[in-house]
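Have a look at the structure below before the remarks.
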Amino acid sequence: MALKIFLDGKLVPESEAKVSVFDHGLLYGDGVFEGIRVYNGRIFKLPEHLDRLFASAQAIMLNVPMSREELTKACRETCAANGLRDGYIRLVVTRGVGYLGLNPFKCPKASVFIIASTIELYPEAVYRDGLKLITAATQRINPAALSPSIKSLNYLNNILAKIEAVNAGTVEAIMLNSEGYVAECTGDNIFIVRGGKLETPPVSAGALNGITRAVVMELAKQLGVPVSEPNLTRYDLTTADECFLTGTAAEIVPVASIDGRVIGSGKPGALTLKLTEAFRKLAQTTGTAI
Ligand code: PXG
């Protein structure tokens with residue numbers, strides 16, 4: 001069935017949901033976005049996603065032409081119009097139509113579109129058996145060049161690492177920063193468990209301030225598990241008791257091996273499973289009603 005897309009203030013059929021070839025989002029990757037899950041008729045962590053969207057927009061001097069309340073309403077209406085109760089929302093703000101040339105101030109109005117659809121998840125076997133990760137040769141972009149905290153439409157850095165993962169016969173790759181510390185994966189944050197404690201790289205190492213990351217850190221604290229954000233090396237990862245990834249699309253994915261080194265038992269670890277259960281329960285029972 002053809003989708004209804006929210007585009008600049010109204011719902012239009014998928015066939016009419018088009019942006020201009022002069023949109024700087026397309027010409028230069030100049031824009032910001034969010035990927036948001038819908039579970040059981042509720043939009044999960046919508047206020048947190050809107051906080052990050054507005055922060056990303058502020059960082060690139062992009063004026064979002066809608067308020068938080070208007071965006072909330074538009075997300076709910078787009079889900080409702082598509083009968084979506086479980087799925088995925090892609091909320092995108094582009095710089096809008098301008099001229100050929102970088103100057104963003106020559107684009108008078110940002111464009112906003114919202115797609116509410118289903119999402120392609122990792123195969124079920126990945127959650128049962130764990131993911132095989134590789135370390136990418138492509139470094140995570142230096143925060144002094146472009147902050148990884150900005151969730152922008154320019155994902156080439158991540159795509160280059162994703163290509164390495166696919167070429168190596170897997171689906172995700174670990175990205176290191178220019179100092180050699182672990183930053184994150186191409187579309188997921190990374191966690192390890194060692195000595196009963198949970199650790200994840202700090203945002204300053206080049207990790208996106210992931211919404212799922214924050215949820216998992218909170219759930220761990222509630223379970224009485226100490227959580228910290230130290231700089232982590234590949235040594236720390238490969239010698240960990242457990243390792244898992246978090247992301248809006250992935251939720252919590254166990255990691256079975258890294259660069260051929262089996263992590264722990266090679267099966268999803270006890271804390272990984274416990275956090276997954278707690279996460280799924282939270283996701284099914286909280287959020288902004290459609
Ligand atoms: N790091 C990066 C670089 C991301 O793009 C995450 C971490 C996890 O953050 P959240 O807030 O989602 O927990 C992301 C998010 C996709 C897809 O289609 C990717 C993301 C989100 C939604 C869909 O692969 N990445």
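Both counts, for ligands and for their atoms, begin at 1 and track the order of listing.
Here the options are Leu208, Thr246, Leu245, Ile190, the test is side chain to side chain contact (heavy atoms under 4.5 Å, CB included), and the partner is Arg213; only Thr246 passes. With respect to Leu91, the side chain to side chain contact (heavy atoms under 4.5 Å, CB included) criterion is satisfied by exactly one of Val32, Thr78, Leu71: Leu71.
Other residues, nucleotides and ligands contribute at most 12 non-hydrogen atoms within 6.0 Å of the CG atom of Asn63. In the displayed structure, Lys4 atom NZ is contacted under 6.0 Å by at most 12 heavy atoms of other residues, nucleotides or ligands.
Here the heavy atom of the protein found nearest to atom 22 (C) of ligand 1 is Tyr88 OH, 3.2 Å. Among all protein heavy atoms, the one lying closest to atom 6 (C) of ligand 1 is Gly187 O, 3.5 Å. Nearest to atom 12 (O) of ligand 1 among the protein's heavy atoms is Thr248 OG1, 2.5 Å. At the shortest separation from atom 13 (O) of ligand 1 among protein heavy atoms lies Thr212 OG1, 2.6 Å. At the shortest separation from atom 2 (C) of ligand 1 among protein heavy atoms lies Glu184 OE1, 3.5 Å. Protein heavy atom at the shortest distance from atom 5 (O) of ligand 1 is Tyr155 OH, 2.5 Å. Here the heavy atom of the protein found nearest to atom 9 (O) of ligand 1 is Gly210 CA, 3.5 Å. Summary of contacts: the protein heavy atom closest to atom 15 (C) of ligand 1 is Lys151 NZ, 3.3 Å.
Distance check for atom 24 (O) of ligand 1: every protein heavy atom is found at 4.0 Å or beyond.
Heavy atoms of Asn158 found under 4.0 angstrom from ligand 1 belong exclusively to the side chain.
For the residue pair Val97 and Pro108, the shortest heavy atom distance occurs at O-CD, 3.4 Å.
Of the listed residues (His49, Arg90, Arg140, Glu120), the one carrying the non-hydrogen atom nearest atom 18 (O) of ligand 1 is Arg90.
A donor-acceptor pair is defined here as one N or O able to donate and one able to accept, closer than 3.5 Å; such a pair exists between the side chain of Glu242 and the backbone of Thr272.
Under 3.5 Å, the side chains of Asp236 and Thr233 contain a donor-acceptor pair of N or O atoms. Judged by distance alone, the side chains of Ser111 and Asp8 do bring a donor and an acceptor atom under 3.5 Å apart.
Every atom of ligand 1 with a heavy atom of Leu208 under 4.0 Å away is listed here by number and element: 1 (N), 2 (C), 4 (C), 6 (C), 7 (C), 9 (O), 14 (C). Within the listing of ligand 1, atoms 7 (C), 8 (C), 9 (O) sit less than 4.0 angstrom from a heavy atom of Asn189.
Remark: distances from the non-hydrogen atoms of Thr186 to ligand 1 include one below 4.0 Å.
Geometrically, Arg280 engages Tyr127 in a cation-pi contact defined by less than 6.0 Å to the ring centre and at most 45° from the axis.
Between Arg52 and ligand 1, at least one pair of N/O atoms sits closer than 3.5 Å. For ligand 1, the polar-atom distance check finds an N/O of Ile211 within less than 3.5 Å of one of the ligand's N/O atoms.
One hydrophobic cluster holds both Ile258 and Val126 under the rule that ILVMFWY side chains link at heavy-atom gaps under 4.5 Å.
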